[in-house]
Engineer: 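Could you have a look at this structure, given as structure tokens, before my questions?
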Amino acid sequence: MTEKTAQHTDPDCLFCKIIAGQIPSDKVYEDDVVYAFKDINPKAKVHVLVVPKNHYKDVADLAENDPKTLVHIVETAKKIAEDAFHGNFRLIFNTGKDAGQSVFHVHAHVLTGEVLEE
Ligand code: AMP
Ligand code: ZN
């Protein structure tokens with residue numbers, strides 16, 4: 001278990017820089033715990049990334065060290081989908097390089113806003 005602090009960030013991390021406002025993003029939602037912004041390369045009509053403000057490398061790391069925040073990410077996804085598409089959404093956590101993870105700050109892909117292909 002790694003220690004969780006209020007300022008658990010990585011200065012070299014793209015998403016930590018986005019959360020800090022050092023790199024611009026199209027913000028959809030923010031509170032004390034999570035930041036949500038539009039994916040730069042959308043795979044659905046609405047494609048939002050929901051990230052915890054604290055840096056965890058992937059969803060397994062988050063589940064082990066801060067499960068409440070993982071639940072909050074799911075609740076945030078639900079809220080985004082209620083606004084965009086009567087609460088229906090697909091939630092994806094690519095975990096590890098060979099599963100397609102390219103940014104190693106845990107992020108939920110929320111796909112919604114239209115009927116999704118299987
Ligand atoms: P993954 O491949 O699961 O790690 O997802 C990383 C996602 O981040 C991809 O869908 C990218 O399109 C997205 N992405 C990368 N850079 C940015 C950025 N500056 N702003 C918004 N989304 C980004
Ligand atoms: Zn980070």
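Note that the coordinates shown come from a computational prediction; the quantities given were computed from them, not determined experimentally. Both ligands and their constituent atoms are indexed starting at 1 by order of listing.
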Engineer: Measure the distances from the heavy atoms of Phe104 to every atom of ligand 1 and state whether one is below 4.0 angstrom.
Structural biologist: no
Engineer: Where's the contact between Leu14 and ligand 1, heavy-atom distance under 4.0 Å: side chain, backbone, both or neither?
Structural biologist: side chain
Engineer: Spell out, yes or no, whether Ile80 and Val51 are grouped together once hydrophobic residues are joined by side-chain heavy atoms under 4.5 Å, including indirect joins.
Structural biologist: no
Engineer: Would you say the side chain of Leu70 lies within less than 4.5 Å of the side chain of Val59, judging by non-hydrogen atoms?
Structural biologist: yes
Engineer: Need the ligand 1 atom indices (1-based, order shown) with element for anything under 4.0 Å from a heavy-atom of Asn41.
Structural biologist: 12 (O)
Engineer: Any heavy-atom pair between the side chains of Lys38 and Val28 that's under 4.5 Å?
Structural biologist: yes
Engineer: For atom 1 (P) of ligand 1, state which one of His107, His47, Lys17 supplies the nearest heavy atom.
Structural biologist: His107
Engineer: Can you tell me if Lys38 has a non-hydrogen atom under 4.0 Å from ligand 1?
Structural biologist: yes
Engineer: Using a cut-off of 2.8 Å, find all protein N, O or S atoms closer to the Zn ion (ligand 2) than that distance.
Structural biologist: Cys13 SG, Cys16 SG, His55 ND1, His105 ND1
Engineer: I'd like to know whether CG of Asp31 has more than 12 heavy-atom contacts from other residues, nucleotides or ligands below 6.0 angstrom.
Structural biologist: yes
Engineer: Grouping I, L, V, M, F, W and Y whenever their side-chain heavy atoms are under 4.5 Å apart, do Val33 and Phe93 come out in a common cluster?
Structural biologist: yes
Engineer: Which atoms from ligand 1 have a heavy atom of Gln101 less than 4.0 Å away?
Structural biologist: 4 (O)
Engineer: Once you round to the nearest 0.5 Å, how far does CD of Glu75 lie from NE2 of His72?
Structural biologist: 7.0 Å
Engineer: Return the residue, atom name and 0.1 Å-rounded distance of the protein heavy atom closest to atom 4 (O) of ligand 1.
Structural biologist: Ser102 N, 2.7 Å
Engineer: Identify, for atom 19 (N) of ligand 1, the protein heavy atom at the shortest distance, and state residue, atom and that distance.
Structural biologist: Ile18 CD1, 3.8 Å
Engineer: Looking at residues at least two apart in the chain, or sitting in another chain, which of them share a side-chain contact (heavy atoms from CB on, under 4.5 Å) with Ile92?
Structural biologist: Arg90, Asn94, His109, Leu111
Engineer: Where does Ile40 meet ligand 1, judged by heavy-atom distances below 4.0 Å: at the side chain, the backbone, both, or neither?
Structural biologist: both
Engineer: Can you list the steps and then say if Asp39 with His107 is a side-chain hydrogen bond (donor to acceptor under 3.5 Å, both in side chains)?
Structural biologist: CA-CA 11 Å; Asp39 195 293; His107 49 283; over 6 Å; no
Engineer: Provide, to 0.1 Å, the distance between atom 2 (O) of ligand 1 and the closest protein heavy atom, together with that atom's residue and name.
Structural biologist: Gly100 O, 2.7 Å
Engineer: Distance alone, cut at 3.5 Å: any donor-acceptor contact between the side chains of Tyr56 and Asn54?
Structural biologist: no
Engineer: Can you figure out which of Leu49, Asp39, Asp58 has its heavy atom closest to atom 11 (C) of ligand 1?
Structural biologist: Asp39
Engineer: Suppose I only count heavy atoms of Phe15 and a 4.0 Å limit; which atoms of ligand 1 are within that range?
Structural biologist: 8 (O)
Engineer: Does Ser25 come within less than 4.0 Å of ligand 1, judged by its heavy atoms?
Structural biologist: no
Engineer: Quick check for you: to the nearest 0.5 Å, what is the distance between Leu116 atom CG and Lys43 atom NZ?
Structural biologist: 13.5 Å
Engineer: Report yes if Pro24 has an N/O atom closer than 3.5 Å to an N/O atom of ligand 1; otherwise report no.
Structural biologist: no
Engineer: Is Leu49 reachable from Val103 through a run of hydrophobic residues whose side-chain heavy atoms are each under 4.5 Å from the next?
Structural biologist: yes
Engineer: When only distance counts, is Val103 in polar contact with ligand 1, meaning an N/O pair under 3.5 Å?
Structural biologist: yes
